[in-house]
Amino acid sequence: MAPEHAMLGLSRARFVRMQQRWSKRSSTGNVDYVRVRAERKNQSAGEPGLPSASLRMEGDMILGDTILETRGLTKEFKGFTAVNGVNLRVRRGSIHALIGPNGAGKTTCFNLLTKFLEPTAGQIVFNGTDITRERPAHIARRGIIRSFQISAVFPHLTVLQNVRIGLQRQLGTSFHFWRSERSLDTLNDRAMDLLTQVGLTDFADTKTVELSYGRKRALEIATTLSMEPELMLLDEPTQGMGHEDVDRVTALIKKVSAGRTILMVEHNMNVIAGISDTITVLQRGEVLAEGSYAEVSKNPLVMEAYMGSADAALTGAHA
Ligand SMILES: Nc1ncnc2c1ncn2[C@@H]1O[C@H](COP(=O)(O)OP(=O)(O)OP(=O)(O)O)[C@@H](O)[C@H]1O
């Protein structure tokens, strides 16, 4: 039988290089690797490919449909189980909402994903790699970025300066204060790009403290984008906003979701209904239901959890 690299139409050296690169990212990757390659080869030979709709090539990397997965994720606080055996599967490129009544464990889940908290049990897998034991900074470098809290934005700097700081952080030059102002100005173009994306171009020179609440959240999204997230974690992005700001930020989330994955904790059902592809409902630390808004909102268990009655409508429950 021909060697594997030959069957896949690759030189041996390239085959080994690709395997090595991939195995850094995934312990199971080689199986996917062979599947994708075999499919491509069969298709180019006019034969039907192996089914691999869930796989995507990026350069030499094979990326599955699932960007983030938790397996039996559990967090106990002194005998109280806040998150209990949660199996979450976030699809690449989707907007995935984590919802649930107060105290359901949403924030604890987020804190586990970013490693602000250590799980008591379970696994977190990102792009096929087990990241359960990694430190927060390492997780951020992998591209899992949680939206900065407003308090993390410097209020007396301008909007542009705040975004620039995010970019410097990404470039690892945050503390290079000895660099000339001119060299730092080279970041301005990129910073202005980000401000354009979030609709804040006209506010570039405004002191952040003077921004409206909704615009501060838009700035927070720009600073998060400056970290080049592959998976953006948004923590109640429309919390405390009036209708107009809610609509603006909802549209913004939809817009910046292009080419990225978004996992958000959100209470506003109109926002969730409008932009979520998948919703996971938590209750008392466990997954109660999962699906599209249409599916979840009809689920009697979910209605009961939210309204205390299976007859109640979910729509507007927290709007
Ligand atoms: N550090 C902690 N020590 C003890 N209990 C905690 C701790 N953090 C959270 N909890 C408890 O875990 C449960 C889940 O809390 P969590 O904040 O994750 O819920 P949530 O779904 O985000 O709620 P909300 O919608 O009100 O923000 C709650 O009962 C909370 O009191």
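In each ligand, atom 1 is the first atom listed, and ligand 1 is the first ligand listed. What you are looking at is a predicted structure, and each value in this text was computed from that prediction instead of being measured. For reference, positions follow the sequence shown, starting with 1.
For the pair Gly103 and ligand 1, the shortest N or O to N or O distance falls below 3.5 Å.
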Solution key, residues 247-256 side-chain donor-acceptor pairs under 3.5 Å, sequence neighbours excluded:
| from | atom 1 | to | atom 2 | distance (Å) |
| --- | --- | --- | --- | --- |
| Arg248 | NH1 | Asp245 | OD1 | 3.2 |
| Thr250 | OG1 | Val246 | O | 2.5 |
| Lys255 | NZ | Gln197 | O | 2.7 |

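Other residues, nucleotides and ligands contribute more than 12 heavy atoms inside 6.0 Å of the CD atom of Glu118.
Between the CZ atom in Arg215 and the CD1 atom in Ile221 there is a gap of 13.5 Å [rounded to 0.5 Å]. Considering OG1 of Thr114 and CD1 of Ile145, their distance stands at 10.5 Å, rounded to 0.5 Å. We find the CG-OG1 distance between Leu194 and Thr201 to be 10.5 Å, quoted to the nearest 0.5 Å.
Contact annotation for atom 4 (C) of ligand 1: protein present (non-hydrogen atoms, distance under 4.0 Å).
The single protein non-hydrogen atom nearest to atom 10 (N) of ligand 1 is Phe77 CE1, 3.7 Å, given as residue, atom name and distance. Atom 19 (O) of ligand 1 has as its closest protein heavy atom Gly105 N, 3.2 Å. Among all protein heavy atoms, the one lying closest to atom 22 (O) of ligand 1 is Thr107 OG1, 2.6 Å. Protein heavy atom nearest atom 15 (O) of ligand 1, with residue, atom name and distance: Thr108 OG1, 3.7 Å. Of all protein heavy atoms, the one lying nearest to atom 11 (C) of ligand 1 is Phe80 CE2, 3.7 Å. With hydrogens left out, the protein atom closest to atom 25 (O) of ligand 1 is Lys106 NZ, 2.8 Å, a heavy atom. The protein heavy atom nearest to atom 12 (O) of ligand 1 is Ala82 CB, 3.2 Å.
Listed by atom number, the atoms of ligand 1 under 4.0 Å from Ala104 heavy atoms are 19 (O), 20 (P), 21 (O). The His267 neighbourhood of ligand 1 comprises atoms 25 (O), with distances under 4.0 Å to a heavy atom of that residue.
Annotation: side chain of Ile131 is not in contact with side chain of Val125 (no heavy-atom distance under 4.5 Å).
When heavy-atom distances to ligand 1 are checked against a 4.0 Å cut-off, Lys78 has no atom that comes that close, whether in backbone or side chain.
A heavy-atom separation below 4.0 Å is not found between Lys75 and ligand 1.
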Pair Glu76, Lys78 - check salt bridge (Lys or Arg N to Asp or Glu O under 4.0 Å), show working.
CA-CA 6 Å; Glu76 289 171 11; Lys78 294 183 183 146; over 6 Å; no

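A salt bridge between Arg142 and Glu230 is absent, with no side-chain N of the basic residue lying under 4.0 Å from a carboxylate O of the acidic one.
Each of Ile262, Leu88, Thr261, Asp277 was compared with His96 under the side chain to side chain contact (heavy atoms under 4.5 Å, CB included) criterion, and only Leu88 meets it.
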